[in-house]
Amino acid sequence: MGAAKAIRIAPIDRDRANALVKAWHYSGSVVLNSQLHLGVFLEGRLLGAMQFGPSLDKRKIIGLVSGTAWNGFLELNRMAFSDALPRNSESRALGIALRLIRAQYPHVEWVVSFADAAQCGDGAIYRASGFVLTGITPNKTIARLPDGRIVAKVTVSQRSDMNPDGRARLPDGSTMLPGFMLRYIAFLNPLAPARLAVPELNYSEIEARGARMYRGRAL
């Protein structure tokens, strides 16, 4: 772990977290319903942010682990890190964040996150942090608009300037990006894994299904 042991994790306000995400996250966008914002500090400098909150469609996600209370899980909405942070900072910061959530919010039994292997990567950080792989699906959410912009379908449905007729659909001429979305779960309650309602996948399935990606390059 080396120099990454020197990082410190502490809460920060939404505005500071959003600014870092816009500057350093590959999407350049924030998730509006993020509620917990954790900063990553090194020698007093704020060099990263993690944002957690409810999933945009909780009803589709909550059933992944049977018996989960409505407030019993969180989604890791965004991670944004400066290149100035040392190697392995991402996995160490995420591990610390999960321990903080377990200690401060004991009702949260698990955390879900998604790796975007259509634009970014296949979730190496999650695997290094002990997340369970629970889904590999072809990308159906990230699209290239006719003008070249890349957006999530949910963004189109929410923004009237991109969807003036109010219908939740992509503009004509849009195309879905080739690639995959991978779903990972980290269990905070040691009893929760027994209630996993979907199959746990071996990490080897990523390569077997042609879903490998690192820093935006398919492997």
So which heavy atom on [X] is nearest to which on [Y], and how close?
| X | Y | result |
| --- | --- | --- |
| G39 | L46 | CA-CD1, 3.7 Å |
| P146 | S174 | CD-OG, 3.4 Å |
| G48 | L20 | O-CD1, 3.5 Å |
| L47 | A84 | CD1-CB, 4.3 Å |
| A49 | V40 | N-CG2, 4.2 Å |
| F180 | G210 | CE1-O, 3.4 Å |

Can you tell me how far [atom2] of [Y] sits from [atom1] of [X], rounded to the nearest 0.5 angstrom?
| X | Y | atom1 | atom2 | value |
| --- | --- | --- | --- | --- |
| T175 | I142 | OG1 | CD1 | 12.0 Å |
| H107 | I101 | NE2 | CD1 | 10.0 Å |
| L36 | I12 | CG | CD1 | 10.0 Å |
| L145 | I150 | CG | CD1 | 9.0 Å |
| R144 | R149 | CZ | CZ | 13.0 Å |
| N77 | S34 | CG | OG | 3.5 Å |

May I ask you to decide if [Y]'s main-chain N or O and [X]'s side chain share a donor-acceptor pair within less than 3.5 Å?
| X | Y | result |
| --- | --- | --- |
| R195 | S66 | yes |
| S113 | L76 | yes |
| R209 | P138 | no |
| R127 | D122 | yes |
| S89 | L85 | no |
| R212 | L219 | no |

Heavy-atom check, side chain of [X] versus side chain of [Y], under 4.5 Å:
| X | Y | value |
| --- | --- | --- |
| K5 | R92 | yes |
| P54 | Q35 | yes |
| V65 | F187 | yes |
| P86 | L42 | yes |
| R102 | L98 | no |
| V31 | Q51 | no |
| F131 | I185 | no |
| L133 | E200 | no |

F114 six-ring face occupied by R183 cation (under 6.0 Å, within 45°): no
F73 six-ring centre to K58 NZ/CZ under 6.0 Å and within 45° of normal: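 Verdict for F73: a cation-pi partner in K58.
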Please say yes or no: joined through hydrophobic side-chain contacts below 4.5 Å, possibly via intermediate residues, are [X] and [Y] part of one cluster?
| X | Y | answer |
| --- | --- | --- |
| L196 | I62 | yes |
| W24 | V30 | no |
| V111 | L182 | yes |
| L38 | V112 | no |
| M213 | L177 | no |

R59 with D57: basic N within carboxylate O range, under 4.0 Å: no
Test salt bridge (Lys or Arg N to Asp or Glu O under 4.0 Å) applied to E207 - qualifying residues, sequence neighbours left out: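 So E207 forms no salt bridge (Lys or Arg N to Asp or Glu O under 4.0 Å) with any residue.
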Can a side-chain donor-acceptor contact be found between [Y] and [X] if the only test is distance below 3.5 angstrom?
| X | Y | answer |
| --- | --- | --- |
| Y26 | D116 | yes |
| R45 | S82 | no |
| N139 | Q119 | no |
| T134 | Y184 | no |

Test log, rule side-chain contact (heavy atoms from CB on, under 4.5 Å), inputs T68 and W110: CA-CA 9 Å; T68 300; W110 48 279; 2.9 Å; yes
Step-by-step side-chain contact (heavy atoms from CB on, under 4.5 Å) determination, I61 to L64: CA-CA 6 Å; I61 303 298; L64 295 174; 3.8 Å; yes
Pair F52-R78, side-chain contact (heavy atoms from CB on, under 4.5 Å): steps then yes or no: CA-CA 7 Å; F52 298 82; R78 290 286 188 267; over 6 Å; no
